[in-house]
Amino acid sequence: MNYSIVAENLTKKFGDFTAVDSVSFKVEKGEIFGFLGANGAGKSTTIRMLCGLLEPTSGDAVVGGFSIMNEPDKVKQSIGYMSQRFSLYNDLTIEENIEFFGAVYGLKGKLLEKRKKWVLEISNLIGKERTLTGDLPGGIKQRLALGVAVIHKPKILFLDEPTSGVDPISRRNFWDLINRFSDEGTTVLVTTHYLEEAEYCNDIILINAGRLIAEGNPQRLKTEYIDGNAFEIETENPVELMDILKKAKFIIDVSIFGKKIHVITKKQFEKPDELENYCTQNEFKIDRITRIVPTLEDVFIHLLEHGSKNAQQN
Amino acid sequence: MLNRIKAIAVKETRQLLRDVRMMGVIFLFPVFLLVVFGYAINFDVQHIQLSVLDRDNSPESREFINSLLSTDYFDLVTYLKSDREIREFLDRKKAQCIAVIPSNFSNEIYRNEVAKIQFLIDGVDGNTATIIMNYVNAAVASYSNNLNYEFLSSRGIKLSSSVSLEPRFWFNPDLNSTRFLIPGLIGMILIIIAVVTISLSIVREKERGTIEQLNVSSIKIPELLTGKAIPYIVIAFINAGIILAAGYLFFGIEVKGSYLWLLISTLFFLAASIGIGILVSVIADSLQVAFLAGTLISLLPSMLLSGFVFPIESMPYVIRIFSNVTPTKFYIVCLRSILLKGAGIEVFWEQLLYMVIFTVIVVVAASKIYNKKQLKELSS
Ligand SMILES: Nc1ncnc2c1ncn2[C@@H]1O[C@H](COP(=O)(O)OP(=O)(O)O)[C@@H](O)[C@H]1O
Ligand SMILES: [Mg+2]
């Protein structure tokens, strides 16, 4: 068995409300696994169950070889976790935070010293040991939090929205680090609501309102889940165009991206000309039209509006 | 395990040392209470309104009255002329205490017989009445001591100097309210500091989300709590030391009994207080709530129900049962025995037992509520 995480029908209910609804997926050893979904989709709840912090209402998951239902304590020993809220102590210095969490994870003496140096190095904070953590800017704080989360070199790493609210450059650096861990064999499960970050992942799942609606690697998702062709149209008046296009029978999806419109048409509509004709027939002027490969965003909008393939079949 | 407890204790200490506001509260609050209770609230009864019906009117009777008036404790209102006036003076509250000296007072003294004086005390305020009665008893005892001394020396018998005639000796030391208050004060300050600091420190982790990071490590809750308790226990001991030193400097109170038992009973008391702090932190979800609940739960019962100010013996039965909600009640008994009486463990071992039982009950309640809350969170 080559999986770090196997989740089966994980379900979490808060009273009548189902936050996570029968979610199943598998994460291979050493891969970067993305967890996508809007706010409130159930990402954090799923992660907290996988870390042994929250008991599932039903279903189970095996994490690093241990069941989260039966052996949550053993699960905790083999994982690293960085929660969505910044959870180092702002009133401790960088060095003190590292030493504290190192000791809490059972490190001591020379090994603790060695790991401390390593954490300082990967989070790029050598020479700033005595700075109060609260005085650091957001992006650097997150890097330190990541360093602290891996101080005990866990085999599986859970990162809950590690890059939210962080500037693009810091985000890029952050992903370099994640890649580095993955190269060293660590399995990384990361949640995000930045769709472009999904491209950095080997595999992703998309959840909406607690349900899994798509899974696979980002490239395959783009071709597999959209049963049609994608076009991009540039126009001065996208809102009006969208209303016109929505009435057309051959259109599956229309969505606006600034001054551009993305259109998914039925399979038989392959050429931009046909679309352009339709627009002129309706007395609408467009600037440019090109056929494109659908982006993940197109895929997700499509899925959110039409449900997953499975849901459609049922 | 020890390693982790140490890490928590060190971290907690560092955070505390950086928290100037908290340090201020911890060290200034006791001083504040000490001043308020030590000086402002003086339970000593002074200037008792005294009237005298002197039927004897002899040098001896006048001497006795003068011996009462020569202190700050009694002020003479007037001499009464008849029995009828006694009623009027007491009913109209013109006097709190009336001394009736019988006409044979001096004769009885000369005949070496028991001379009787009648004291009528306004009993409306039971506490004050008791105190007045004690003063009267002490004054009378001292007066007769004096008489004995004069009587013996007039017959050439020298008394050893061990019979002190200092006025301070007149009064029952236990009536000196400052002395009496210090143990309660120590208990009250310690319990407030312990409950508030420990509950704030736990709730802060909840509020800031750092508890999540601790939960995911394999640290156990008892390790976490022990580590957190250590610095606050040290601080509580420093506080206790400060109060004792202040008590000695300002009020002349010395530790009569054993320091070891003082330390041990304080440790038992702190364990119980920390138990309350944990209970508060389980109930409260924000720092404000924790601070308020912690202060109220520790302060009010310690002040009203512990026997600190109001004696437990004079409470109604129901309230006496209710007084067990605060461990200060048990600790005060230990402290009064050790500090004031110099008594040993045989006097207060039961109190230590009660404090252990109290701690167990509070901690079990806290963990029950904790589990229930988690379940509720899962189903709300
Ligand atoms: N402890 C809880 N009690 C009740 N509802 C909760 C609790 N935790 C999360 N939820 C709800 O579950 C849903 C999923 O939340 P979450 O997993 O945090 O979403 P995400 O991380 O994807 O933004 C939300 O609607 C949230 O309000
Ligand atoms: Mg979340």
Side-chain angles (χ1 to χ4, degrees), chain A residues 12-17 19 44-45 47-57 72-93 95-109 112 132-134 145 148-149 151-152 154 157-158 160, chain B residues 1-24 197 200-228 230-231 285-287 370-380:
Chain A
K12 183 75 214 179
K13 291 188 177 169
F14 295 109
D16 293 337
F17 174 68
S44 298
T45 307
I47 277 211
R48 297 179 71 228
M49 286 193 282
L50 293 175
C51 291
L53 286 171
L54 205 61
E55 198 182 318
T57 311
D73 284 335
K74 290 204 169 136
V75 169
K76 286 179 184 178
Q77 277 161 22
S78 52
I79 61 157
Y81 167 64
M82 182 175 155
S83 84
Q84 186 172 355
R85 294 176 64 188
F86 179 72
S87 52
L88 301 184
Y89 297 96
N90 279 324
D91 48 356
L92 292 185
T93 66
E95 188 173 32
E96 288 165 352
N97 261 311
I98 299 174
E99 280 171 358
F100 172 68
F101 282 104
V104 163
Y105 279 111
L107 305 176
K108 53 186 158 190
L112 179 56
L132 271 188
T133 307
V148 168
I151 192 165
H152 55 306
L157 181 57
F158 293 92
D160 195 357
Chain B
M1 189 182 104
L2 280 181
N3 206 34
R4 279 197 286 250
I5 292 177
K6 189 182 136 204
I8 300 266
V10 168
K11 171 222 125 195
E12 207 65 37
T13 311
R14 283 175 170 156
Q15 288 183 302
L16 188 64
L17 290 178
R18 290 203 180 108
D19 191 345
V20 179
R21 215 160 35 140
M22 193 64 162
M23 291 294 275
T197 51
L200 283 188
S201 121
I202 297 173
V203 172
R204 192 179 296 120
E205 306 250 8
K206 279 208 283 190
E207 211 180 58
R208 295 195 185 155
T210 45
I211 195 97
E212 186 110 307
Q213 205 65 42
L214 292 176
N215 277 343
V216 83
S217 75
S218 37
I219 197 162
K220 303 274 182 309
I221 291 181
E223 292 174 341
L224 178 67
L225 294 179
T226 314
K228 271 183 177 292
I230 290 171
D285 283 321
S286 74
L287 289 173
Y370 177 75
N371 288 334
K372 228 186 191 155
K373 245 191 154 175
Q374 291 231 311
L375 280 180
K376 221 171 152 196
E377 191 179 313
L378 308 188
S379 60
S380 71

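Naming: A, B, ... by sequence-line order, numbering from 1 per chain. Note that the coordinates shown come from a computational prediction; the quantities given were computed from them, not determined experimentally.
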Heavy-atom neighbours of K220(B) NZ exceed 12 at 6.0 Å: yes

Does any backbone or side-chain atom of L112(A) lie under 4.5 Å from a heavy atom of chain B? Answer side chain, backbone, both or neither. neither

Could I get the full list of ring pair (Phe, Tyr, Trp, His ring centres under 6.0 Å) partners for Y105(A), not counting sequence neighbours? H152(A)

Between F17(A) and chain B, with a heavy-atom cut-off of 4.5 Å, which part of the residue counts as in contact: side chain, backbone, both or neither? neither

Just give me the residue among R4(B), Q213(B), M1(B) that pairs up with chain A most often, heavy atom to heavy atom, under 4.5 Å. Q213(B)

Heavy atoms only, distances under 4.5 angstrom: which of T93(A), I79(A), L92(A) has the most pairs with chain B? Name it, please. L92(A)

Q84(A), part contacting chain B, at a heavy-atom distance under 4.5 Å: neither

Beyond-backbone contact of S87(A) with E212(B), side-chain heavy atoms, under 4.5 angstrom: no

Residue part contacting chain A, namely of E205(B), when any heavy atom lies under 4.5 Å: side chain

Leading residue by heavy atom contact count with chain B [cutoff under 4.5 Å; candidates D91(A), N90(A), N97(A), V148(A)]: D91(A)

Heavy-atom count check: over 12 atoms from other residues, nucleotides or ligands less than 6.0 Å from K206(B) NZ? yes

Can you check whether L224(B) reaches I202(B) side chain to side chain, under 4.5 Å on heavy atoms? no

Portion of R208(B) that has a non-hydrogen atom of chain A nearer than 4.5 angstrom: both

In the structure I gave you, are the side-chain heavy atoms of Y81(A) and L157(A) within less than 4.5 Å of one another anywhere? no

Contact part of I5(B) toward chain A, heavy-atom cut-off under 4.5 Å: side chain, backbone, both or neither? neither

Please identify, among Q77(A), M82(A), E96(A), the residue contributing the most non-hydrogen atom pairs under 4.5 Å to chain B. E96(A)

Walk me through whether T57(A) and K13(A) qualify under side chain to side chain donor-acceptor pair (under 3.5 Å). CA-CA 6 Å; T57(A) 311; K13(A) 291 188 177 169; over 6 Å; no

